[in-house]
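A quick write-up on the structure given underneath.
Atoms considered below: every heavy atom in the structure, side chains included; atoms not considered: hydrogens, waters and symmetry mates. Whatever order the structure lists them in is the order used to number ligands and atoms, beginning at 1.
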Amino acid sequence: MGAMIREWIVRQLMFGEFQSYRDVSRKSVWVGFKVCVLAYGLNLVAHFLLYGFDLLPYGLGSALIIATVLTPPITFIVSVTAYLAVGFAIHDLGVSRAKFEQLSRTDMLTGLANRRAFLDQFDRCKRQKSMLVFDIDRFKTVNDTYGHAVGDQVIAKVAETLVDVLPGQCTCARIGGEEFAVFCDDMPFAKFAAYCDMARRKVAATWMETPEGRFCVTVSGGLARALPEQDFGEVFSRADEALYAAKTGGRNRLVLSQEASGDAGALIDAQTAAA
Ligand code: GH3
Ligand code: MG
Ligand code: MG
């Protein structure tokens with residue numbers, strides 16, 4: 001019985017039932033009704049027991065009238081009030097917890113997922129997937145020439161371009177200063193590579209407007225394939241090696257990591273088509 005009551009209370013306190021004030025209010029009436037029926041039932045049983053043992057100090061008739069008139073409204077009002085107070089507090093806590101959780105997983109400058117969120121999502125996805133690591137080329141020069149604030153605008157613009165070009169099923173994140181990562185789990189690698197190259201070209205063709213004049217930036221990227229059991233660290237290091245090769249190879253290009261080089265066709269086609 002104790003366990004059942006406990007389970008019932010826990011069920012009432014599930015966040016799912018505290019989504020909005022309206023849900024809490026509606027639920028409070030239902031809970032109030034149940035508590036009221038329970039209290040009234042217990043009250044009647046207690047009166048009959050006292051009556052049975054001849055311990056009732058007044059007549060059973062008047063006792064039942066008083067119990068019927070007082071118990072249901074009092075228990076209803078008390079339980080609804082208590083439920084509303086606790087329910088609203090749980091709702092508010094749930095909302096601020098969700099906001100905090102969202103903030104802790106979002107990069108403030110770009111609105112993309114941050115490294116932690118990306119890593120979590122990547123490792124949670126147990127399917128074959130493709131990963132891209134992008135880095136803005138010679139970004140230090142942008143900061144040195146135009147200032148840090150313009151540098152920030154460039155980072156935000158590159159993020160915007162990534163989101164514009166890549167299809168919605170890709171997860172994009174800013175995983176470092178001027179470094180981005182993308183993964184996709186339900187797209188052939190060749191198609192993913194072609195989209196990534198489209199993003200690279202779009203970045204290179206986008207003018208950054210500043211009070212000191214306009215300029216373009218380029219990005220370099222490394223692409224890797226991930227088997228379902230491979231975790232972020234393993235895949236990232238291969239994509240990062242490919243990124244390094246893209247940098248040393250002249251920048252403004254994508255390079256496939258070694259295990260993915262068999263799929264080079266699509267990327268080469270994409271680059272040739274763009275040339
Ligand atoms: P590479 O082509 O080899 O990537 O050269 P790079 O200049 O882009 O790379 P480097 O690592 O030398 O410089 C990266 C710069 O990015 C240095 C750092 O001050 C700047 N940076 C990192 N995070 C931010 C940021 O949030 N905002 C701005 N404006 N700059 C940042
Ligand atoms: Mg860079
Ligand atoms: Mg970098």
pair Leu223-Met131: side-chain heavy atoms closer than 4.5 Å: no
Protein heavy atom at shortest distance from atom 10 (P) of ligand 1: Lys140 CB, 4.6 Å
Within 45° cone of Phe122 ring axis and under 6.0 Å: Lys129 NZ or CZ: yes
Test item: Glu160 and Thr110 side chains (from C-beta on) under 4.5 Å apart, heavy atoms: no
Heavy-atom nearest neighbour in the protein, as seen from atom 26 (O) of ligand 1, with distance rounded to 0.1 Å: Arg174 NH2, 2.7 Å
Within 45° cone of Phe236 ring axis and under 6.0 Å: Arg115 NZ or CZ: yes
Nearest-contact summary for atom 23 (N) of ligand 1 - protein heavy atom, Å: Gly177 CA, 3.2 Å
Part of Thr141 with heavy atoms under 4.0 Å of ligand 1, whether side chain, backbone, both or neither: neither
Mode of Glu179 contact toward ligand 1 - side chain, backbone, both, neither (heavy atoms, under 4.0 Å): neither
For Ile155, the ligand 1 atoms whose distance to one of its heavy atoms is below 4.0 Å: 25 (C), 26 (O), 27 (N)
Nearest neighbour in protein (non-hydrogen) for atom 1 (P) of ligand 1: Lys247 NZ, 3.5 Å
Phe183-Phe118 aromatic ring centre distance below 6.0 Å: yes
Atom 13 (O) of ligand 1 protein-contacted, heavy-atom criterion under 4.0 angstrom: yes
Nearest-0.5 Å distance that lies between atom CG in Leu119 and atom CG in Asp123: 5.0 Å
Flag side-chain contact, heavy atom, 4.5 Å: Met208 against Val142: no
Closest candidate by heavy atom, reference atom 2 (O) of ligand 1, pool Gln153, Arg138, Met108, His148: Arg138
Any donor-acceptor pair under 3.5 Å from Arg214 side chain to Thr210 backbone: no
Heavy atoms of other groups near Arg251 CZ, more than 12 under 6.0 Å: yes
Sub-3.5 Å N/O-N/O distance, Gly151 and ligand 1: no
Atom 9 (O) of ligand 1 - nearest protein heavy atom and its distance: Glu178 OE1, 4.0 Å
N or O contact, Phe139 vs ligand 1, cut-off under 3.5 Å: yes
Student check: side-chain heavy atoms of Ser28 and Leu84 closer than 4.5 Å: yes
N, O or S atom of Glu179 closer to the Mg ion (ligand 2) than 2.8 Å: no
Atom 3 (O) of ligand 1 [closest protein heavy-atom partner, distance rounded to 0.1 Å]: Arg251 NH2, 3.0 Å
Ring centers of Phe33, Phe76 separated by less than 6.0 Å: no
Part of Val154 within contact of ligand 1 (heavy atoms, under 4.0 Å): neither
Atom 27 (N) of ligand 1 - nearest protein heavy atom and its distance: Asp152 OD1, 2.6 Å
Side-chain heavy atoms of Phe180 within contact of Ile155, under 4.5 Å: yes
Ligand 1 atoms in contact with Asp135 (distance to a heavy atom under 4.0 Å): 4 (O)
Nearest protein heavy atom with distance in Å, relative to atom 18 (C) of ligand 1: Asn143 ND2, 4.2 Å
Name of the Asp135 atom (N/O/S only) found closest to the Mg ion (ligand 3): OD2
Three-point angle Glu178:OE1, the Mg ion (ligand 2), Ile136:O, rounded to the nearest 10°: 100°
